[in-house]
Every structure is written in structure tokens, then in C-alpha cells.
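Some notes on the structure that comes next.
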Amino acid sequence: YTLPFIIEYVFLQLTDFVDTTLSSHVNESTIVGVSTMVLIIIVIRIFSKVMASTNEILISRIYGKNHNDDSVNVVTYNSLFLSIIINGLACVLVFAFSNKIINVMGLTENAFIVSKNYLNIRIIGCLFVPFEQIIQSRLKVIDKHKEVTISKITYTILNIIGDTIAVIYGYGAIGIAVSTVLCELMEVIILLI
């Protein structure tokens, strides 16, 4: 029962690991900038993860009793709406105060620039997180663990390929961030399908 959750969590962490690891092949400022901003991205993602877990708990009770898809959909849509608002607010705040947040890290000027660019691009991807998390929570409850696992594996493989291409062709942290955001969008599309 817990294996799909473990696999999902491992693949979620692999994204940040891949971004950080591949950024080390660019230069020191890039690995410092990317690795410090990954922490900020994790904090932003927490809000949607909590909403998704709450959604799972609520809809599990409804679905378990009578498989009432209408009630499950209402709760899921409400969870998605709240998650979008909370996540959007977190993204706006981080974007608005990104200079101050990065200054707290005490980075060099080069690392600061890399961090800001990486963070601003990844914030765009964070806007997809509520959809990813809430859709996954619904799929898990209706026993579609396999689909969630496939979407995570596909996302991770595409991210590895995209990040590698970004490094090989010299796009640096910006290329790594764009690759990750595109993969996040692809994951949401796969989950919707």
C-alpha cells in the first residue's frame, strides 16, 4: 500500500537532486544558486502537498462509503481552488521579495544573479503544482496509483534529459529551470489525460 507513496516521494526528490547535480557541471555560482533556491521551491510546494493530503483524507471517506463521484469532485475542486489561491499567494510573495530572500543567503554577486533567474523561472512551474498535487490525490483515492507512478517516472526521465541538454548546450541554470518547468507542465498534462 505504501510503495506507490514511497516511489512518488523518491521521484519528487529526484527532480531537485537532478537540478542540483547537473548544475554542478556548469560552474560554482550555478550550483550554489540552484541548490539554495531548491530549498525555497520545496517550501512553496509544501502548501499544495498539504492541501493534497487533506483532499485525500476527505475524499477517501466519501469514496470509500459509496463511490459518490459527484461529492468527490466537489471536494476535489474546492481543494484545488484553495490550493491555487494559497500556492499563488506564496509564489507572488516569493517573487516580490526574491531579492530580500536571496540576500539572506549571503551569496556572491554571480550566485545571486543565477539564484534570481533560476527562482523566477521555477516560480512559474510552481503555479502548476496545485494541479499536479490535487489530481494525484484524487487518482490515488480511486486506486490509480499506477498512473501517478508512471507520470512521476516520465516527469523525472524528461527532466533528466532536459537538464542534461541544457548543460551540454551551455544554457546553465536558466536552461535547467526551463527544462524543469516544461516537465512540470508535461506532468500535469499526463495526469489530466
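Just so it is clear, the model here is predicted, and its values are computed rather than measured. Here, residue 1 is the first one in the sequence, and each next residue gets the next number.
- At least one side-chain heavy atom of N103 sits less than 4.5 Å from a side-chain heavy atom of F112.
- Using modelled atom types and a 3.5 Å distance limit, the side chains of N73 and R138 yield a donor-acceptor pair.
- Of the charged side-chain nitrogens involved, at least one lies within less than 4.0 Å of a carboxylate oxygen, so that E132 and R45 count as a salt-bridged pair.
- Taking OG from S98 and CD1 from I123, the interatomic distance works out to 6.5 Å, rounded to the nearest 0.5 Å.
- Within the 4.5 Å cutoff, the side chain of V178 has no heavy atoms near those of the Y171 side chain.
- Distance OG1/T21 to CD1/I160: 9.5 Å, rounded to 0.5 Å.
- The two atoms that bring I121 and V181 nearest to each other are O-CG2, 3.2 Å, heavy atoms only.
- A166 and I176 make their closest contact through CB-N, 3.7 Å (heavy atoms, listed as atom of the first residue, atom of the second, distance).
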Applying side-chain contact (heavy atoms from CB on, under 4.5 Å), run through I102 and M37 and close with a yes or a no. CA-CA 8 Å; I102 297 169; M37 291 306 100; 3.9 Å; yes
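- Expressed to the nearest 0.5 Å, how far CD1 of I142 lies from CD1 of I59 amounts to 8.0 Å.
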Quick one: do S179 and I165 satisfy side-chain contact (heavy atoms from CB on, under 4.5 Å)? Show the steps, please. CA-CA 9 Å; S179 166; I165 290 169; over 6 Å; no
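- Pairing each heavy atom of C126 with each of N87, the nearest pair is O-ND2, 2.6 Å.
- Separation of atoms CD1 (I101) and CG (L93) is listed at 8.5 Å; rounding is to 0.5 Å.
- Between the side chains of S83 and S48, at least one donor N or O sits under 3.5 Å from an acceptor N or O.
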Steps toward side-chain contact (heavy atoms from CB on, under 4.5 Å) verdict (F131, L191): CA-CA 9 Å; F131 298 97; L191 288 169; over 6 Å; no
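- Placement of F47 and V75 within a single hydrophobic cluster is found when ILVMFWY residues are connected by side-chain heavy-atom separations under 4.5 Å, directly or transitively.
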Please step through side-chain contact (heavy atoms from CB on, under 4.5 Å) for the pair M105 and I40, ending with a clear verdict. CA-CA 11 Å; M105 306 288 184; I40 305 301; 3.8 Å; yes
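- Note on V129 and I135: separate hydrophobic clusters, where clusters join Ile, Leu, Val, Met, Phe, Trp and Tyr whose side-chain heavy atoms are under 4.5 Å apart, directly or indirectly.
- We find that E147 and K140 are not joined by a salt bridge, their nearest charged nitrogen and carboxylate oxygen being 4.0 Å or further apart.
- Closest non-hydrogen pair, A173 versus Y118, comes out as O-CD1, 3.7 Å.
- At least one side-chain heavy atom of L107 sits less than 4.5 Å from a side-chain heavy atom of S115.
- A continuous path of Ile, Leu, Val, Met, Phe, Trp and Tyr side chains, each step under 4.5 Å between heavy atoms, connects I134 with I62, placing both in one hydrophobic cluster.
- With R122 as the partner, the side-chain hydrogen bond (donor to acceptor under 3.5 Å, both in side chains) test is satisfied by one option alone out of D19, N117, T180: D19.
- No more than 12 heavy atoms of other residues, nucleotides or ligands lie within 6.0 Å of CE in M186, so this atom counts as exposed by the packing criterion.
- Atom NZ of K116 has more than 12 heavy atoms from other residues, nucleotides or ligands within 6.0 Å.
- For the pair K152 and Y155, the cation-pi test (distance below 6.0 Å, angle within 45°) is passed.
- In this structure the side chain of S79 never reaches within 4.5 angstrom of the side chain of T54, judged on heavy atoms.
- In the hydrophobic clustering of this structure, I41 does not group with V50; members are Ile, Leu, Val, Met, Phe, Trp, Tyr whose side-chain heavy atoms approach within less than 4.5 Å, directly or through other members.
- If you take CG on L89 and CD1 on I44, they are separated by 11.0 Å, rounding to the nearest 0.5 Å.
- Considering CG of N55 and OG of S60, their distance stands at 8.5 Å, rounded to 0.5 Å.
- Using modelled atom types, one side-chain atom of T36 and one backbone atom of G33 make a donor-acceptor pair closer than 3.5 Å.
- For the residue pair E187 / Q136, a side-chain donor-acceptor distance below 3.5 Å is found, with atom types taken as modelled.
- There is a side-chain donor-acceptor pair under 3.5 Å between T30 and N27.
- Shown here for A111 and V32, the closest heavy-atom pair between the two residues is CB-CG1, 4.0 Å.
- Connection of I174 to I124 is established within a shared hydrophobic cluster, with ILVMFWY side chains joined at heavy-atom distances below 4.5 Å, either directly or through further cluster members.
- Across all non-hydrogen atoms, the minimal contact from E56 to V141 is O-CG2, 3.8 Å.
- Looking at L39 and V43, their side chains never come closer than 4.5 Å, going by heavy atoms from C-beta outward.
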